[in-house]
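These notes concern the structure reproduced below.
For clarity, every value in this text was computed on a predicted model and none was experimentally measured. When a residue number appears, it is its place in the shown sequence, counting from 1.
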Amino acid sequence: MSDNRLPKENRQDRAGQLAMMGLIVDNQRDVHGDGKNHQMILVKDEDRFEPFAEHWHRQQAEIAAEAAGDKERLTKDLAFARHFLLEVPPFLCGPGVAAQIRMLRSVDGLEGTLIVPPPNRWKGKGVTAHWRDDAAIRRDLRSCDLSDLPDRCALSAADDLLVLDLDSPAAVDQLMSIPGMARASLDTVALRSPHGVHLIYRLPPDLAGRVRAGTRVAGTMIDLRPGQRSYVVAPGSRWYDRKGDHLYPGVIRLPQPDGEGRRTLRMLPPALRKWLAAANQIEDGDDDGENGGNGNGPTPVPSAPHSAPAASPAASPARSVSMPAPPVMGPGATHDPLRDRAYRIVMTAKERNWPRELLDAKLDELRDAVPAGHDPRDVEECIRSALLKAGFSL
């Protein structure tokens, strides 16, 4: 009987309890044929153990059945994830980066920057140009002209998004093995790469700009590509070199549409937030992995300049940019989507250098979308908080 399930604390008390039952803890070698030592619980006094034997064996059988059930569920989840992400064919949205980006524009909340360096500023799948601050090679994902995109681009998501780079089937297995991960957690944007898949999630406002980029996080094969700190090769990219033909097939999954046919980028699952916190991948610490973190919110990371044209103050403020409509907010469930949407609006305004008239018009649209019964003081406080976090005056 393995003692792996026993807690490390209070070992003396546990040893006393076991002795009363006629049991003892001892190290045994090669019990499982692996040549290693294992801590085991052994029957030392059969007469003492006999009154407890039936209950003990029943309890061990329940534990074994539960473990077997967990293993079976995990096996099925791993098989589902591999099929869901690695085996199904890509969307038939056409070859090339432009067709893929048109598909991504159908997802509310998916913002970012396309990086289009000249061919001599690529090294394999790496950009050698100063992509963060070279406006000449940065294009806004939502508003840029797609007609002249090169065959190979990079994609850096917005700073409130996170891309998980799963570069092998083993990485997919490791993702699904994170405690709390479920099949529903995969209902987000998924982009096939040559050997794996990229998953894109929205970050809660208090995590925007705080997730560290990283490779092989926590001993896994999962890489983190937080928006505006790193990038991935854009879907639909293709190039040839001495190593052969390189193709990024692109979109294989989009979030399921809601009742109105709208697709919205999925929020980071709580299981992944806890995993990031445990792996020390969240900056400005004191985040215990629970939703909401320390509640103080981040100091937003300034976004690098880009080539998207600023909206003209003379244009109609409400129609001069492409931006998803405010989310539907029902009674009793308004505060969180209101807060998230306000933060998204002001951060987009900051990144794209909107004139203040346009920002105010978008915030008025948000006010109009709030149900009439919601406390107007909460509406104004959410907007005020978002403006201050992004460095705008009130």
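Ion pair E111/R142 flagged as a salt bridge, since at least one NZ, NE, NH1 or NH2 atom sits closer than 4.0 Å to an Asp/Glu carboxylate oxygen. Salt bridge absent: R339 and D378 never bring a charged side-chain N and a carboxylate O closer than 4.0 Å. Residues R229 and E283 are paired through a salt bridge, judged by an N-O separation under 4.0 Å between the basic side chain and the carboxylate. A salt bridge links R139 with D148: the distance from a Lys NZ or Arg NE/NH1/NH2 to an Asp or Glu carboxylate oxygen falls below 4.0 Å. A salt bridge does not link R341 to D108: none of the charged nitrogens lies less than 4.0 Å from a carboxylate oxygen.
Minimum heavy-atom separation, Q228 to S156: N-OG, 3.0 Å. Scanning all heavy atoms of the two residues, the minimum distance from L265 to I200 falls at CD1-O, 3.5 Å. Scanning all heavy atoms of the two residues, the minimum distance from Q256 to D187 falls at N-OD1, 3.0 Å. The two residues A271 and P179 come nearest to each other via the heavy atoms CB-O, 3.3 Å. Closest of all the heavy-atom pairs between L85 and A190 is CD2-CB, 4.0 Å. Between A19 and R48, the shortest heavy-atom contact is O-NH1, 3.2 Å.
For the pair E381 and R384, the minimum side-chain heavy-atom distance is below 4.5 Å. Side-chain contact between V163 and L191: absent, with no pair of heavy atoms (C-beta onward) separated by less than 4.5 Å. Side-chain contact between Y248 and H198 is present, with at least one heavy-atom pair separated by less than 4.5 Å. Using a 4.5 Å heavy-atom cutoff, the side chains of R121 and T128 are in contact. Taking 4.5 Å as the limit, some side-chain heavy atom of L74 sits within range of a side-chain heavy atom of S177. A 4.5 Å side-chain heavy-atom check between L164 and L224 finds at least one atom pair inside the cut-off. At a threshold of 4.5 Å between non-hydrogen side-chain atoms, the residues Y231 and L155 do not count as touching. V189 places none of its side-chain heavy atoms less than 4.5 Å from the side chain of R253.
At distances below 3.5 Å, not a single donor-acceptor pair connects side-chain atoms of D151 with backbone N or O atoms of S237. Of the possible donor and acceptor atoms, one in the side chain of Q174 sits under 3.5 Å from a partner among the backbone N and O of M221. The closest donor-acceptor contact from the side chain of Y201 to the backbone of S185 lies under 3.5 Å. Looking at R367, its side chain never comes within 3.5 Å of a backbone N or O of E380 through a donor-acceptor pair. Under a 3.5 Å cut-off, the side chain of R266 and the backbone N or O of A184 do form a donor-acceptor pair.
Taking CD of Q17 as the reference point, atom CZ of F52 lies at 10.5 Å (rounded to 0.5 Å). Within the model, atoms OG of S230 and CG of D223 stand 9.5 Å from one another, a figure rounded to the nearest 0.5 Å. The NZ atom of K44 sits 12.0 Å away from atom CG of L18, with the distance rounded to the nearest 0.5 Å. If you take CG on L338 and SG on C382, they are separated by 4.0 Å, rounding to the nearest 0.5 Å. The CG atom of D173 lies 11.5 Å from the CD1 atom of I178; values are rounded to the nearest 0.5 Å. Note that CD of Q100 is 10.5 Å distant from CZ of R102, once rounded to the nearest 0.5 Å.
Around atom CZ of R377, no more than 12 heavy atoms belonging to other residues, nucleotides or ligands sit under 6.0 Å away. Around the CD atom of E87, the shell of radius 6.0 Å holds more than 12 heavy atoms that belong to other residues, nucleotides or ligands. Counting heavy atoms of neighbouring residues, nucleotides and ligands inside a 6.0 Å radius, atom CD of E50 does not exceed 12 of them.
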For this session: Could you give me the CA-CA distance, side-chain angles and deciding distance for K362 and W354, then say whether side-chain contact (heavy atoms from CB on, under 4.5 Å) is met?
Result: CA-CA 11 Å; K362 289 298 180 182; W354 286 357; 3.7 Å; yes
List the steps and the verdict of side-chain contact (heavy atoms from CB on, under 4.5 Å) for I282 and R212. CA-CA 6 Å; I282 299 176; R212 295 186 176 96; 5.7 Å; no
Quiz item: Are S193 and V233 close enough, and set up right, to give a side-chain contact (heavy atoms from CB on, under 4.5 Å), and what steps lead you there?
Solution: CA-CA 8 Å; S193 64; V233 176; over 6 Å; no
> Between L247 and R238, does a side-chain contact (heavy atoms from CB on, under 4.5 Å) hold up when you go through it step by step?
Replying inline: CA-CA 5 Å; L247 171 65; R238 188 169 195 168; 3.9 Å; yes
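Cluster membership for V370 and L387, using ILVMFWY side-chain heavy atoms within less than 4.5 angstrom, is shared. Under a hydrophobic-cluster definition in which Ile, Leu, Val, Met, Phe, Trp and Tyr are linked whenever side-chain heavy atoms come within less than 4.5 Å, directly or via other members, I345 and V379 are assigned to the same cluster. Hydrophobic cluster membership differs between V107 and M267, with clusters built from Ile, Leu, Val, Met, Phe, Trp and Tyr side chains linked at under 4.5 angstrom. M21 is connected to I41 through a chain of hydrophobic side-chain contacts under 4.5 Å among Ile, Leu, Val, Met, Phe, Trp and Tyr, so both are in one cluster. In the hydrophobic clustering of this structure, V211 groups with I222; members are Ile, Leu, Val, Met, Phe, Trp, Tyr whose side-chain heavy atoms approach within less than 4.5 Å, directly or through other members.
T348 pairs with exactly one of R344, K350, R352 by the side chain to side chain donor-acceptor pair (under 3.5 Å) rule, that one being R344. When the options V197, L78, L186, T220 are evaluated for a side-chain contact (heavy atoms from CB on, under 4.5 Å) with L175, the one that passes is L186.
The aromatic rings of H246 and W239 sit parallel to each other, their planes meeting at less than 30°, with 60° as the upper class boundary. Using the six-membered ring where Trp is involved, F49 and H57 have ring planes that are perpendicular, over 60° apart on the 30 and 60° scheme.
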